[in-house]
Amino acid sequence: MAGGTREILVLNAGSSSLKLGLFDWETDEQLADKGVDWSHGNEAGVSTHSAALRHLLEEYDLGPVAAVGHRVVHGGTRYRQAVRIDADVKAAIAELARLAPLHNPAALQGIEAVEDLLPGVPQVAAFDTAFHSTMPPTGYLYAVPWQWTEEWGIRRFGFHGLSHAYCSGRALEMLQRPAPGSRIVTCHLGNGCSLAAVQDGRSVATTMGFTPLEGLMMGTRSGSVDPGLLIHLLAHNYVDVPGLDQALNHESGLKGVSGLSGDMRDIQAAVGRGDARAQQAFALYNARIREGIAAMVAAMNGVDALVFTAGVGEHSAEVRGAVAGALGWMGVVLDEAANAAAHPDTDLATADSRVRLLVIHTREELVVARDTRRVLQAGPATKEP
């Protein structure tokens with residue numbers, strides 16, 4: 001590494017994975033992008049976040065690392081922006097693990113691994129929920145007894161906020177327009193899927209809710225279903241609570257409908273072979289996205305641009321075509337040739353389309369790096385009481 005440089009290390013910890021990004025403090029240039037997943041074994045032989053971090057950093061000189069930023073999925077209502085990590089922040093992340101049991105504990109393990117390997121280096125938490133803290137009451141309230149909201153904190157939080165923030169900002173750059181007056185729908189379509197309505201640069205509505213289970217049909221998650229259906233299954237002992245959780249989170253979505261896989265690539269291959277259930281899964285997946293887009297557009301009373309991002313959004317021309325090709329009613333005119341050949345970042349709409357149609361490569365780690373630098377330059381972030 002070049003002498004005299006300062007770097008920001010960004011960590012994204014999953015339940016059994018760790019992704020690493022390394023950024024130049026001054027220029028935002030990404031210097032490294034690595035990861036390790038030990039969910040099904042791995043060549044590195046690691047099985048903990050501390051061991052994974054040691055493995056990922058073994059080829060780097062740790063001296064230039066001036067700060068570490070962490071993607072943390074759930075910040076509740078307390079954290080509306082990134083904050084420097086201290087004992088209170090760690091305790092809050094641990095407390096919120098009940099709302100994000102697969103993600104917040106993993107983030108804490110990453111934080112503690114850094115404390116061990118890089119003692120004294122400041123750390124910052126950037127929360128996926130923070131971007132959606134600007135939603136009005138119509139965006140975050142549920143029509144449930146008020147006690148649930150006031151005393152138990154039942155509300156819509158929204159997720160994928162780092163991705164929605166980056167992609168909506170990048171869209172404005174591509175459109176060469178300021179945030180005021182803009183209306184953008186961002187479609188984060190990966191194994192997890194969510195939409196956001198971003199008006200004037202601020203989130204005003206999103207599809208994921210109290211948990212990342214609500215909203216669109218996903219790889220293995222059901223998305224929204226009738227709550228009465230769940231009461232029925234529990235009341236008649238078809239499933240118990242752990243079984244219901246397992247089914248809705250890990251056995252539903254594309255996997256549940258197709259009976260094959262939660263991976264869109266496998267579904268599209270099966271569609272090509274004429275598999276009827278894969279065809280049904282593909283059609284249902286895209287229908288739910290179109291319905292969600294309509295809801296996001298309604299929340300802003302219009303739309304200027306529609307953004308596709310994440311694994312499926314960036315790489316599946318078939319999904320983009322099935323979704324955007326059916327949105328002519330709202331002024332979207334897809335350039336099919338551009339869609340077939342698309343690589344992020346690009347515009348897939350024809351010149352006469354009233355709505356721009358963008359494919360953008362999401363860069364959540366860059367958002368975390370920028371947040372980390374901002375927090376450390378400005379001092380401690382404000383926390384809600």
Side-chain angles (χ1 to χ4, degrees), residues 19 21 30 33 160 162-177 182-198 207 216-219 253-254 261-272 278-279 281-294 296-297 303-367:
K19 295 180 182 178
Q30 186 158 2
D33 180 13
H160 293 142
L162 298 173
S163 178
H164 290 300
Y166 175 80
C167 290
S168 57
R170 176 66 179 128
L172 291 174
E173 292 178 359
M174 293 174 66
L175 298 172
Q176 296 184 330
R177 63 173 299 170
S182 64
R183 297 172 297 184
I184 299 170
V185 175
T186 46
C187 307
H188 180 103
L189 307 177
N191 184 52
C193 302
S194 70
L195 310 179
V198 185
T207 53
L216 304 179
M217 175 179 172
M218 308 179 214
L254 289 171
S261 172
D263 191 313
M264 178 56 75
R265 293 168 294 188
D266 296 334
I267 299 302
Q268 289 180 183
V271 168
Q279 291 171 345
F282 185 79
L284 186 60
Y285 179 92
N286 295 312
R288 292 293 177 264
I289 296 171
R290 293 193 297 266
E291 293 164 4
I293 289 171
M296 297 298 102
V297 172
V303 64
D304 304 311
L306 183 64
V307 176
F308 287 97
T309 193
V312 176
E314 293 175 31
H315 300 295
S316 177
E318 293 84 356
V319 168
R320 295 193 302 263
V323 172
L327 296 177
W329 59 271
M330 64 181 241
V332 173
V333 185
L334 174 69
D335 183 327
E336 295 184 3
N339 182 45
H343 294 283
D345 294 353
T346 191
D347 189 339
L348 307 180
T350 62
D352 61 344
S353 177
R354 296 199 308 272
V355 177
R356 305 322 300 164
L357 187 61
L358 309 177
V359 180
I360 294 176
H361 173 54
T362 190
R363 299 191 66 191
E364 295 161 298
E365 289 81 9
L366 177 59
V367 177

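As the structure is a computational prediction, the values presented were derived from the model and not from experiment. We use all heavy atoms of the structure for the numbers below, so side chains are in, but hydrogens, waters and symmetry mates are not. Start at 1 with the first residue, then count along the sequence.
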Listed by chain and number, what are the side-chain hydrogen bond (donor to acceptor under 3.5 Å, both in side chains) partners of S261, not counting sequence neighbours? D266

According to side-chain hydrogen bond (donor to acceptor under 3.5 Å, both in side chains), who are the partners of R183, at least two apart in sequence or on a separate chain?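 Once residues adjacent in sequence are excluded, R183 has no partner under the side-chain hydrogen bond (donor to acceptor under 3.5 Å, both in side chains) criterion.
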
Please answer whether the main-chain N or O of [Y] pairs with a side-chain N or O of [X] as donor and acceptor at a distance below 3.5 Å.
| X | Y | answer |
| --- | --- | --- |
| T362 | T309 | no |
| R356 | V332 | no |
| S168 | A165 | yes |
| N339 | L348 | no |

Distance from [X] atom [atom1] to [Y] atom [atom2], nearest 0.5 Å?
| X | Y | atom1 | atom2 | answer |
| --- | --- | --- | --- | --- |
| Q279 | Q268 | CD | CD | 12.5 Å |
| R177 | S182 | CZ | OG | 5.5 Å |
| L357 | L327 | CG | CG | 8.5 Å |
| I267 | R265 | CD1 | CZ | 11.5 Å |
| E173 | L358 | CD | CG | 11.5 Å |
| D347 | D345 | CG | CG | 11.0 Å |

Are any of the side-chain heavy atoms of [X] and [Y] separated by less than 4.5 Å?
| X | Y | value |
| --- | --- | --- |
| P344 | I360 | no |
| Y285 | V312 | yes |
| R363 | Q30 | yes |
| L284 | R288 | yes |
| V297 | I293 | yes |

Partners meeting salt bridge (Lys or Arg N to Asp or Glu O under 4.0 Å) with E336 (sequence neighbours left out):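 So E336 forms no salt bridge (Lys or Arg N to Asp or Glu O under 4.0 Å) with any residue.
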
Give the table of side-chain donor-acceptor pairs shorter than 3.5 Å for residues 186-196, with sequence neighbours excluded, one pair per line with atom names and distance.
unit_1	atom_1	unit_2	atom_2	d
T186	OG1	H164	ND1	2.7
H188	ND1	S163	OG	2.8
S194	OG	H160	ND1	2.7
S194	OG	H164	NE2	2.9

Qualifying salt bridge (charged side-chain N to carboxylate O under 4.0 Å, His left out) pairs, either residue in residues 306-332, two or more places apart: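 The answer is none; no pair qualifies.
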
Taking side-chain contact (heavy atoms from CB on, under 4.5 Å) as the definition, give me every residue that meets it alongside N286, ordered by chain and number, with sequence neighbours left out. F282, I289, R290, V319, A322, V323

